[in-house]
Amino acid sequence: MTVTKDSLIGDILEADRTTAQYFLEMGMHCLGCPSARGETVAEACMVHGVDADALVEKLVQHMS
């Protein structure tokens, strides 16, 4: 899976459940919520005040 800022959180978690740690680190503790899983990385980062590029980089490194 190619992860970008436009990737849905639910899709990322389905591809690799161990990525949940990165979302939890950024303060996104509602990963089980259907709304959260339907958000893009960019949307979640905006809400939580996190650098989307930095999170994408972590996710890409983790998943490769």
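We use all heavy atoms of the structure for the numbers below, so side chains are in, but hydrogens, waters and symmetry mates are not.
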Minimal non-hydrogen separation, [X] against [Y], with atom names:
X	Y	value
G38	L8	O-CD2, 3.1 Å
T2	S7	O-OG, 3.6 Å
V56	V41	CG2-CG1, 3.9 Å
A36	C30	CB-O, 3.3 Å
A42	A52	CA-CB, 4.3 Å
L31	I9	CD2-CG2, 4.2 Å

| Hydrophobic cluster identity match, M46 and L55, side-chain contacts under 4.5 Å |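 Different hydrophobic clusters.
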
_Grouping I, L, V, M, F, W and Y whenever their side-chain heavy atoms are under 4.5 Å apart, do M26 and V60 come out in a common cluster?_
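The answer is yes; both residues are in one hydrophobic cluster.
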
Given side chains that start at C-beta, do those of [X] and [Y] come closer than 4.5 Å, heavy atoms only?
X	Y	value
H29	L24	yes
V50	M28	no
M1	E14	no

Between atom [atom1] of [X] and atom [atom2] of [Y], what is the distance when rounded to the nearest 0.5 Å?
X	Y	atom1	atom2	value
H48	E39	NE2	CD	6.5 Å
I12	R17	CD1	CZ	13.0 Å
L13	F23	CG	CZ	5.5 Å
D16	D11	CG	CG	13.0 Å

Any chance the side chains of T19 and H62 put a donor and an acceptor closer than 3.5 Å?
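Side chains of T19 and H62: no pair found under 3.5 Å.
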
